[in-house]
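Everything below concerns the one structure shown next.
Keep in mind the model is a prediction, meaning the values are calculated, not measured.
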Amino acid sequence: MSDSYLPRWSLKTEGVIMPDERLPTGQMVVVGLQHVVAMFGATVLAPILMGFDPNVSILFSGLATFIFFLIVGGRVPSYLGSSFAFIGPVLVATGASVGSPNPNISLALGGIIAAGALYFLIGLVVQMAGHRWIERLMPPVVTGAIVAAIGLVLAPIAINSASGITPDNQAGSDFARWIALATVVAVGLVAVYAPGTMRRLPVLIGGAAGYLIYYICANVLGLGQPIDFARIGQAAWFGLPTFQSPVFDARAISLIAPVAIILVAENLGHIKAIGAMTGRNLDPYLGRAFMGDGLATMLSGSAGGTGMTTYAENMGVMAVTRIYSTLVFIIAAGFALLLGLSPKFGAFIGTIPGPVLGGLSIVVFGLIAATAGRIWVENRVDFSNPRNLITVAVALVLGAGNFKLNVAGFTLDGIGTATFGAIILYHLLRMTPATAERPHAAE
């Protein structure tokens, strides 16, 4: 590792690409584009569900990734995108309906900024006081459970998209399901059997294959809803999205600001997972990672964007490609800025059929959940210890079932209940006599 603030990325053409290494420029650009594809579905979906402008969120996802990169000194490979943890609290605070235009976006933005400020302060404390207290609060068994729950809580979103389920078609269609499964198979075939550098691009190439299959079946054979390319021709090449100004309301802030706690647990799990993937200790960067997320969330909320968080979707891409170079995320952030500032580019990406995005989501969200296994194995978590077993079991079901709970007017969805449930249950069950502990049980 370099002693300078930013790494000096060394060129490497094969094998695992570590955070301070890079591929040849052409390959880096393509891998960066793959990360844009991986983040796109969720980064667009979250603002749509909350009634925000998706183009604003895409733009700020790029800016947020730049901010995170600079604050962590280019040492932690992460992409920042729209956080799903804000959806429930934002809808409650604004009284909006899912997927409908939000008439009170300004109120939500004030709460999002407050959450970002709280998140930043937590990061500042961690940076000054050390990260050990966070690790004691959320040891590997807990962070693994939270990561797994995040993947599981996102699973219904992937399945609905893969099934072609919409507000007007609650049953979905078999055509959509077959397209999604074809996309899943395409991703798997590329990841395992593709030659050379193509094997590093399973999400991008598999998604392109799914797109082509859908086009042939729908536009040529008439088996499904055809892709409408008219919007591409109508869209301008460059243009600013619609920005919004925040309004600070005490009730909205009280509902939305506590999301910062969920983001801390989520980011901790992500950093641990990336550390496990790369074999590097990234714990010293936890404080800076929290501060980067918090600052990015405040910036996004100041102009109409959603809250930002490190993206597990892109962790899934790293897991399958084994490319962890932080430079890739600068390239991805640049693509996101172009996407946010180019209605035509956004219109093209917007033509990706829902079932194709659903198929990609099945793979990527599944890889998120599977990453928990790596955390547990790397940290030798002992599942013969009832405390560990019960903590994980409860968190998984709370996440998979999207268990929701109202606490003093604040609505926790599956991510929140799994997060707080795992933390509280673990420490509650930890208050047992020492004789009940197994001698080598990892916490």
With distance as the sole criterion, is a donor-acceptor pair present between the side chains of [X] and [Y] under 3.5 Å?
| X | Y | answer |
| --- | --- | --- |
| Thr351 | Tyr211 | yes |
| Ser61 | Tyr79 | yes |
| Thr306 | Ser82 | yes |

Where is the tightest heavy-atom contact between [X] and [Y], given as atom of each residue plus distance?
| X | Y | value |
| --- | --- | --- |
| Leu339 | Asn55 | O-ND2, 4.0 Å |
| Val381 | Pro140 | CG2-CB, 4.2 Å |
| Phe335 | Gly32 | CD1-C, 4.2 Å |
| Val56 | Ala303 | CG1-O, 4.0 Å |
| Pro54 | Pro47 | CA-CG, 3.9 Å |
| Ile362 | Ala162 | CD1-CB, 3.9 Å |

Please answer whether the main-chain N or O of [Y] pairs with a side-chain N or O of [X] as donor and acceptor at a distance below 3.5 Å.
| X | Y | answer |
| --- | --- | --- |
| Arg75 | Tyr5 | yes |
| Thr297 | Met308 | yes |
| Asn104 | Leu107 | no |
| Arg322 | Val16 | no |
| Ser300 | Phe60 | no |
| Ser302 | Leu299 | yes |
| Thr65 | Leu80 | yes |
| Arg380 | Trp376 | no |
| Asn102 | Phe52 | no |

Quick one: does [X]'s side chain get under 4.5 Å of [Y]'s, heavy atoms only?
| X | Y | result |
| --- | --- | --- |
| Phe290 | Leu124 | no |
| Ile253 | Phe248 | yes |
| Ile105 | Thr94 | no |
| His270 | Ser78 | no |
| Phe403 | Leu405 | yes |
| Thr183 | Pro355 | no |
| Met18 | Arg280 | yes |
| Tyr324 | Ile17 | no |

Spacing of [X] atom [atom1] and [Y] atom [atom2] [to the nearest 0.5 Å]:
| X | Y | atom1 | atom2 | result |
| --- | --- | --- | --- | --- |
| Ile424 | Leu429 | CD1 | CG | 11.5 Å |
| Leu152 | Leu396 | CG | CG | 6.0 Å |
| Leu70 | Arg288 | CG | CZ | 11.0 Å |

Open item on the list: Whether Asp20 and Lys12 form a salt bridge (side-chain N of Lys/Arg under 4.0 Å from carboxylate O of Asp/Glu) is what I want to check.
Closed with: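 No, this pair does not count.
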
Donor-acceptor contacts under 3.5 Å from residues 325-332 side chains, at least two apart:
from: Ser325; atom 1: OG; to: Glu21; atom 2: O; distance (Å): 2.6
from: Ser325; atom 1: OG; to: Leu327; atom 2: N; distance (Å): 3.3
from: Thr326; atom 1: OG1; to: Trp9; atom 2: NE1; distance (Å): 2.9
from: Thr326; atom 1: OG1; to: Pro19; atom 2: O; distance (Å): 3.3
from: Thr326; atom 1: OG1; to: Gly74; atom 2: O; distance (Å): 2.9

Task: All pairs passing side-chain hydrogen bond (donor to acceptor under 3.5 Å, both in side chains) where residues 113-129 contributes a residue, at least two apart - done: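 For residues 113-129: Tyr119-Asn267, Tyr119-Asp293.
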
